[in-house]
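The next block holds one structure in the form of structure tokens; read it before the comments.
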Amino acid sequence: MTDLASLTATEIASELDRGSLSSVELTRSLLTRAESKRGLNAFLDLYSDVALASAEEADKRRRAGERGPLLGVPVAIKDVILVKGTKTTCGSRMLANFLSPYDATVVSKLRKSGAVLFGKTNMDEFAMGSSTENSAFGPVQNPWNKAYVPGGSSGGSAAAVSARIAPLALGSDTGGSIRQPASFTGIVGMKPTYGRTSRYGLVAYASSLDQIGPFARSVKDCAHLLETISGFDPSDSTSMDVPVPSWSEELTQGIKGLRIGVPKQYFIEGLHPEVEQAVRAALQWYEGQGASLVEVDLPHTEAALSTYYILAPAEASSNLARFDGVRYGHRAAEPTDLIDLYCRSRSEGFGTEVKRRIMIGTYVLSSGYYDAFYLRAQKVRALIKNDFDKVFSSQCDLLACPTAPTPAFRIGEKVDDPLTMYLSDVFTITVNLAGLPGLSLPCGFSSSQLPIGLQLIGKPWDEGTLLRAAYAYEQQHDWHTRVPQ
Amino acid sequence: MISDNDVAKIASLARLTLTPEESSRYAAELSRILEYVQQLDSYSVEGVEPLSHVHGASNVFREDTPTPSLPFEGEVSTNAPDKSGRFFRVPLIIE
């Protein structure tokens, strides 16, 4: 076997089944690769010895006859998800030395499946950002071009999978933080329906929007990882008790007769012409395969960015109030009193974007502004959700559109202009506001060789249709097999 | 729209200490961002119920069965910036 790094999780599992590869051999090879790709800055922590030990354990389980799609397969974890006994920094100075006191539920599920926890990936501080430039530990490079961002906030996970360091990774998606980096790095990324995966052990950013989801290099791998981490969890009362289908076994049902809604508000001025071209070509392909295209109207789309940048900072300002320098996290030296301890610990611990969002959130929740900003945004959120309910109830089975308005942008290009940075999430945040599943898959490249993503959006709990449609496309295109040099 | 005074008030509510440079930067940025999000005023929300949970779930009940807490020694206290025995140590609060 010459190129272990390029194997998908499904291929790895079948090699392990045949006995032609061991998880230890694979894990060792990928750890070496991770070391040689340090320059990407995709990882904040590599589990090295611990990963090799669990690889050995997985090999033992296989030898004893156990089988499973993730048994012995390395998975990288965004550094906002707790792995007991290891550091979870959230890309922040605030938590630079924080040791996870317990396992997140998704991590417990991964352990049970026999997946090899590979390491923790770099991210925008507390998942706030669209480029992974907001990490206290330095920006992540896009494997396709080191001068470009990998997207964010889960940029480290996306870069790790795209650069063939790990076959699979977990991210979190509050306004596009899985799908946008998947699009920028040419891989598959999925945000499940709100409530599909447990948030227990995910450090909270905006609790009504956050979901954990998979990154993969194939749709089938994505389905396997999603199946493994999904399901109701008594420890997260916002997770829902809904059956988890065997998506990976339902991929081949085809797309004939599917009605694909094309929202006209997602093909707007400012959409990069090469992105539009690639997405339109994908739509045509679907039509040629027997799906029908229906133009649909989502009239409140334009309100989504404003709604998000009121609600998410509001929830963040509340969630991040827990960082007080008392029980965990950074504490300022020699505080004069308790207020001084709070203020200086927080100001020293948090970075620029986190402080900016805490300030916005505090403002829109403050007395005199609550009704005008927060309450109004919650009402507009209902209107945005109604738009989707309406088209899904009668006009289409899923929606298709660009994941992001442009391919990846240059490192440094947007750091001084928060509003322009926020605009790169304009097509993904509606999906979080409405709680729907969304998937990004590679559908082309720009003339400067940067990946372009197609976003599929589904009805609540209907991840199956998205995976099936993505799988059909992937079977007849080779974008996902291209490797960054 | 957002004055230096407003910024100082918000920062104090958020328990943040800002440098003068940060204050003027945030005053300008918050003004732009808040001006942008005021586009929501152009949508009619008359009679619309605010949405806080997408699936309409409200309270979720369970049996009130005690389960063990994380032990202070070990998992919990290991992250404490300052502690004394079984307690987190903070500056003097009551004279």
Side-chain angles (χ1 to χ4, degrees), chain A residues 97-99 101-102 194-195 208 234 237-238 240 300 302-303 305-307 309-310 317 321 324-331 335-344 346-347 350 352 355-356 358-363 366 373 375-383 385 418-419 433-435 460, chain B residues 2 6-7 9-19 22-23 25-27 29-30 32-57 59-62 67 70-71 74-83 88-93:
Chain A
N97 299 307
F98 182 78
L99 281 174
Y102 56 90
Y194 184 81
S208 81
S237 58
T238 63
M240 302 286 280
H300 294 92
E302 246 187 86
L305 199 64
S306 295
T307 305
Y309 278 100
I310 292 171
S317 72
D324 56 6
V326 172
R327 294 152 301 155
Y328 45 76
H330 174 74
R331 177 184 284 204
T336 54
D337 58 21
L338 198 59
I339 300 296
D340 182 52
L341 168 73
Y342 294 154
C343 290
R344 282 200 297 121
R346 290 165 62 77
S347 300
F350 292 139
T352 303
K355 286 187 218 175
R356 186 183 288 127
I358 290 175
M359 296 281 289
I360 298 170
T362 305
Y363 181 82
S366 65
F373 286 97
L375 195 61
R376 174 169 278 271
Q378 280 194 311
K379 290 177 179 176
V380 178
R381 183 178 183 183
L383 296 176
K385 183 174 180 290
L419 262 178
L433 289 167
Chain B
I2 299 289
D6 293 331
V7 168
K9 192 182 155 214
I10 304 165
S12 140
L13 287 171
R15 298 286 188 246
L16 290 170
T17 310
L18 303 180
T19 63
E22 281 180 316
S23 289
R25 180 178 174 179
Y26 284 134
E29 288 173 353
L30 262 58
R32 278 191 59 212
I33 292 166
L34 291 169
E35 191 185 339
Y36 178 84
V37 302
Q38 270 181 347
Q39 67 154 201
L40 293 193
D41 291 349
S42 63
Y43 293 90
S44 166
V45 292
E46 184 103 11
V48 178
E49 283 296 312
L51 179 74
S52 55
H53 187 277
V54 284
H55 305 307
N59 212 351
V60 178
F61 293 100
R62 59 168 170 77
T67 51
L70 288 172
E75 281 91 338
V76 174
S77 68
T78 191
N79 285 307
D82 195 4
K83 63 188 167 189
F88 299 108
R89 195 202 297 268
V90 294
L92 192 65
I93 297 172

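Values below: every heavy atom of this structure, side chains too, minus hydrogens, waters and symmetry copies. Just so we're on the same page: letters track the sequence lines, and every chain starts at 1. Everything numeric in this text was worked out from a predicted model, so none of it was measured.
For a residue to count as touching a neighbouring chain, one of its non-hydrogen atoms must lie under 4.5 Å from one of that chain's; by this rule Thr78(B) touches chain A with the side chain only. Heavy atoms closer than 4.5 Å to chain A are found in the side chain of Phe88(B), but not in its backbone. Within the 4.5 angstrom heavy-atom criterion, atoms from both the backbone and the side chain of Ala377(A) approach chain B. Of the two parts of Arg25(B), only the side chain, counted from C-beta on, holds a non-hydrogen atom closer than 4.5 Å to a non-hydrogen atom of chain A. Residue Leu338(A) touches chain B through both its backbone and its side chain, counting heavy-atom pairs closer than 4.5 Å. If you measure heavy-atom distances from Lys385(A) to chain B, the contacts under 4.5 Å come from the side chain alone. Residue Arg62(B) does not touch chain A at all, counting heavy-atom pairs closer than 4.5 Å. Contacts between Ser317(A) and chain B at a heavy-atom distance below 4.5 Å are absent for every atom of the residue. Interface residue Leu16(B): backbone and side-chain heavy atoms are both found under 4.5 Å from chain A. With a threshold of 4.5 angstrom between heavy atoms, Ile93(B) approaches chain A through side-chain atoms but not through N, CA, C or O. Neither the backbone nor the side chain of Asn59(B) comes within contact range of chain A; no heavy atoms are under 4.5 Å apart. For Val60(B), the part lying under 4.5 angstrom from a heavy atom of chain A is the side chain only. Only the backbone of Ala434(A) comes within less than 4.5 Å of a heavy atom of chain B; no side-chain atom from C-beta onward does.
Note that OH of Tyr309(A) and CD1 of Ile33(B) are 9.0 Å apart. Values are rounded to the nearest 0.5 Å. With values rounded to the nearest 0.5 angstrom, Ile339(A) atom CD1 is found 10.0 Å from Thr17(B) atom OG1. One distance of note links OG of Ser306(A) with OH of Tyr43(B); it measures 8.0 Å at 0.5 Å rounding. Met359(A) contributes atom CE, which lies 9.5 Å from atom CG of Leu13(B) (distance to the nearest 0.5 angstrom).
You'll find the side chain of Val90(B) stays beyond 4.5 Å of the side chain of Arg327(A), heavy atoms only. Looking at Gln378(A) and Ser52(B), their side chains come closer than 4.5 Å, going by heavy atoms from C-beta outward. A heavy-atom distance below 4.5 Å is not found between the side chains of Gln39(B) and Leu305(A). With a 4.5 Å cut-off on side-chain heavy atoms, Tyr363(A) and Ile2(B) count as touching. Residues His55(B) and Met240(A) have side chains in contact (heavy-atom distance under 4.5 Å, counting atoms from C-beta outward). In this structure, the side chains of Tyr26(B) and Ile360(A) stay at 4.5 Å or more apart for every pair of heavy atoms.
At least one donor-acceptor pair closer than 3.5 Å links the side chain of Arg376(A) to the backbone N or O of Leu40(B). With hydrogens and angles disregarded, a donor-acceptor distance shorter than 3.5 Å links the side chain of Arg346(A) to the backbone of Ala14(B).
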- Message: Is there a side chain to side chain contact (heavy atoms under 4.5 Å, CB included) between Glu75(B) and Tyr102(A)? Walk through the geometry before answering.
- Response: CA-CA 8 Å; Glu75(B) 281 91 338; Tyr102(A) 56 90; over 6 Å; no
- Message: The test is side chain to side chain contact (heavy atoms under 4.5 Å, CB included); show your working for Lys355(A) and Glu22(B) and say whether it passes.
- Response: CA-CA 10 Å; Lys355(A) 286 187 218 175; Glu22(B) 281 180 316; 2.9 Å; yes
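Of the charged side-chain nitrogens involved, at least one lies within less than 4.0 Å of a carboxylate oxygen, so that Arg356(A) and Glu29(B) count as a salt-bridged pair. Between Asp324(A) and Arg15(B) no salt bridge is recorded (no basic side-chain N to carboxylate O distance below 4.0 Å).
Of the listed residues (Asp82(B), Val48(B), Val7(B)), the greatest number of heavy-atom pairs within a distance under 4.5 Å of chain A belongs to Val48(B). Counting heavy-atom pairs under 4.5 Å between each of Leu30(B), Leu18(B), Val76(B) and chain A puts Leu30(B) at the top.
Aromatic ring orientation, His53(B) versus Tyr194(A): perpendicular (interplanar angle above 60°, classes split at 30° and 60°).
A pairwise comparison of heavy atoms in Gly325(A) and Pro81(B) identifies O-CG, 3.4 Å as the closest pair. Taking all atoms of both residues into account, the shortest heavy-atom contact from Leu383(A) to Ser44(B) is CD1-O, 3.7 Å.
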